[in-house]
Amino acid sequence: MSALTVRLPDDKHRRLKELSRQRKVSVSRLIDEMTTLMLADFDAETRFQLRAARGQGKTSRGLELLGKAEDGARNSQQFRGGAE
């Protein structure tokens, strides 16, 4: 584990301390939780961008697969006894 010094305006520091008190965690733990959420968002965005790049130029194949999925869902619905 490593230490990090962060400079914040006094008002923001007071607000973070109040938030940490309300959540019954330390300011360090609160910042750890916030960075975990932000990194999860970053990872999800990165994965999305990589997948989008991998699928670039494959629109017709994607629409073909979507059509098959819709047909399968329609057939399954008819088999169960009707439309909703």
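The model shown is predicted, which means the values in this text are computed figures rather than measured ones.
Closest approach of S20 to V27, counting heavy atoms only: OG-CG2, 3.5 Å. In this structure, L19 and L30 approach most closely via the heavy-atom pair CD2-CD2, 3.7 Å.
Salt-bridge annotation for R74 and E70: absent, with no side-chain N of the basic residue lying under 4.0 Å from a carboxylate O of the acidic one. Using a cut-off of 4.0 Å between Lys/Arg side-chain N and Asp/Glu carboxylate O, R61 and E64 are scored as salt-bridged. Ion pairing of K68 with D71 is absent here, as no side-chain N (NZ or NE/NH1/NH2) approaches a carboxylate O to less than 4.0 Å.
Atom CD1 in I31 sits 12.0 Å away from atom CZ in R29 (nearest 0.5 Å). Taking NZ of K24 as the start and CD of Q22 as the end, the distance is 9.0 Å to the nearest 0.5 Å. In this structure, the separation between OG on S26 and CG on L16 is 11.5 Å, given to the nearest 0.5 Å. Note that the CG atom of L63 and the NZ atom of K58 stand 14.0 Å from one another [nearest 0.5 Å].
The main-chain N or O of A73 is never found under 3.5 Å from a side-chain atom of S76 such that the two would form a donor-acceptor pair.
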(request) Walk me through it: do D32 and M1 pass the test side-chain contact (heavy atoms from CB on, under 4.5 Å)? (result) CA-CA 12 Å; D32 180 52; M1 185 171 290; over 6 Å; no

(message) side-chain contact (heavy atoms from CB on, under 4.5 Å), that's the test. Do D41 and M38 meet it? Break it down for me.
(response) CA-CA 5 Å; D41 284 350; M38 292 185 76; 5.6 Å; no

(request) Test salt bridge (charged side-chain N to carboxylate O under 4.0 Å, His left out) on R21 and E18 and set out the steps. (result) CA-CA 5 Å; R21 266 193 292 264; E18 179 58 31; 3.3 Å; yes

